Protein chains: 2
Amino acid sequence: MRTVSRTRPREPAEPVPDAARGIPDATIARLPVYLRSLTSLCDRGTVTASSDELARAAGVNSAKLRKDLSYLGSYGTRGVGYDVAYLRYEIARQIGLSQDWPVVIVGVGNLGQALAKYAGFRSRGFRIVALVDADPGRVGEALEQLRIRPLAELEALVEQHQVAIGVITTPAGAAQDVADRLVTAGVTSILNFAPAVITVPDGVDVRKVDLSIELQILAYHEQRKLAHLATDVGESA
Amino acid sequence: MRTVSRTRPREPAEPVPDAARGIPDATIARLPVYLRSLTSLCDRGTVTASSDELARAAGVNSAKLRKDLSYLGSYGTRGVGYDVAYLRYEIARQIGLSQDWPVVIVGVGNLGQALAKYAGFRSRGFRIVALVDADPGRVGEALEQLRIRPLAELEALVEQHQVAIGVITTPAGAAQDVADRLVTAGVTSILNFAPAVITVPDGVDVRKVDLSIELQILAYHEQRKLAHLATDVGESA
DNA sequence: TGGGATTTGTTCCCGCGTTCACAAGCTCTT
DNA sequence: AAGAGCTTGTGAACGCGGGAACAAATCCCA
């Protein structure tokens, strides 16, 4: 009975991409935070930082930070810490920020406009190459050196600019249709701000940001605080 | 060994708060999604729905949905399903949406404006009662029947409107200071859109929404897709 | 009234992520 | 040159959440 790759999730025979193979999702979600902290330290002239310092800057546990970084490789020096500039470069590279990502925004309402004007995207490796809206009254309007395009041109714009990432800021009702069209046109990653559940084929990544839900989660905790207060008072009586 | 149908792990002596004691965070985060699905079904005239139907509408597994709902209590009927309107009311109540939550927005830039204009908040139990900005040039400007107030009035506004939830949409540099002042003024829940890690005392909840980070996570997966494509081609050769 | 069909509520198990704790390894001083 | 003092990288333990599977409970129909 040979121990073929069955019951063996990871093969130690991999040449290099071994590190990139299985970075946990939870770690991926934190890498951008580390990146931001490193950039901040870098700008301040810091050359070296320990895991403890980095962890404090990023708002996490130092053990977690070390384990996260260990998935990328061994970029620290024992007894010293991490070279800030080097680590920053490595994280940026492995996240995929050494290149510029063209992005299309569909739905130029309040939120779509705000995103289009937000300078933080450009400085972090994302370039908004097209704004699309279904409202004919808004088509043609200029915004941040871009002219709003009609929904009909969506597919052409995606292909023309080789867009891989689409942002949906439409009303809920239009979200699924827009998502379908984005996927058909070749987009394989979607950031969905519409308050709707959208389904996509395998191989397409969707991340959802729902502002109302965030507030509702806070409201739940607020209510619990009030309830706790009440029972505490009751108990002390 | 009698198969007594009891073996009850829960004490039936508790009045009500037993259920509310330990709802997992992951479940809390999904309840608003269920709520939205239920509202949608309700508007469509649906009276009863099975866990399978609800789960599909919410984009989750039916077992997960049943378990989530079981934390709230037994609101379903075996062999039938859930009463849509009743379940909707119960979730709304337990989340804390039977009351209106006053909210203050600090930082009326692109995003702050978009949030102020967003109608979805009001319809979901949140009322924006104040807009605050540090820029004297913007103070006084009217937005959605609210006049932008100077940062100096923050504390007074929080107290006046009994604000428990604050939204930070300032630049990163101002976020920690604003958070400190919000907390001092009595705010115990913060929704932070600023690309900065903010620290708050125990008992204060912070949720962070970082748009750049969401895109960066997508970028990582995009890059991996490209890499996979390359290695697949290589392997097939 | 009883049996079958249906659907919930729950238990059990598994895998992921977090945290602790420590060995390995580097630097600096004496 | 050797040891003291740090700091990283990681093995192991633990707790939480997800999913399958099943028993309990309700409805429907003959």
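These numbers come from a predicted model, not from an experiment. So you know, we letter chains A, B, ... as the sequences are listed, proteins then strands, and number each from 1.
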Subject >> Verdict with reasoning, A/Ser51 to A/Arg66, per side chain to side chain donor-acceptor pair (under 3.5 Å) >> reply: CA-CA 6 Å; A/Ser51 63; A/Arg66 285 201 302 277; 3.1 Å; yes
**OP:** Output yes when B/Arg56 and B/Asp52 qualify as a salt bridge under the 4.0 Å nitrogen-oxygen rule, no when they do not.
**Re:** yes
In whole angstrom, what separates [X]'s [atom1] from [N]'s [atom2]?
X: B/Leu87; N: C/dG9; atom1: CG; atom2: P; result: 10 Å
X: A/Leu65; N: D/dT7; atom1: CG; atom2: P; result: 14 Å
X: B/Ile23; N: D/dC16; atom1: CD1; atom2: P; result: 16 Å
X: B/Leu69; N: D/dG17; atom1: CG; atom2: C1'; result: 16 Å

Original post:
For residues 76-88 of chain A, which residue pairs qualify under side-chain hydrogen bond (donor to acceptor under 3.5 Å, both in side chains), counting only residues two or more places apart or in two chains?
Top reply: A/Thr39-A/Arg88
Subject >> Under 4.0 angstrom between A/Tyr75 side-chain N/O and D/dT7 OP1 or OP2 >> reply: no
Subject >> Test item: B/Glu214 side-chain N/O and A/Val209 main-chain N/O as donor-acceptor pair under 3.5 Å >> reply: no
**OP:** List for me each residue that meets salt bridge (Lys or Arg N to Asp or Glu O under 4.0 Å) alongside B/Glu222, sequence neighbours excluded, and say none if there are none.
**Re:** B/Lys225
Original post:
Who passes salt bridge (Lys or Arg N to Asp or Glu O under 4.0 Å) against B/Arg124, sequence neighbours left out?
Top reply: none
Do any side-chain atoms of residues 165-173 of chain A form donor-acceptor pairs under 3.5 angstrom with protein atoms, and if so which ones, sequence neighbours left out?
{"unit_1": "A/Thr169", "atom_1": "OG1", "unit_2": "A/Val106", "atom_2": "O", "d": "3.1"}
{"unit_1": "A/Thr169", "atom_1": "OG1", "unit_2": "A/Gly107", "atom_2": "O", "d": "2.5"}

**OP:** Name every residue in residues 34-53 of chain A that has at least one heavy atom under 4.0 Å from any atom of DNA chain D, in order of residue number, or write none if there are no such residues.
**Re:** A/Ser50, A/Ser51
**OP:** Verify side chain to side chain donor-acceptor pair (under 3.5 Å) between A/Arg36 and A/Ser40, making sure each step is shown before the conclusion.
**Re:** CA-CA 6 Å; A/Arg36 185 167 290 160; A/Ser40 173; over 6 Å; no
Original post:
How does protein contact run along nucleotides 17-26 of chain C, one letter per nucleotide 5' to 3', with B for base contact, S for sugar-phosphate only, - for none, heavy atoms under 4.0 Å?
Top reply: SBBBB-BBBB
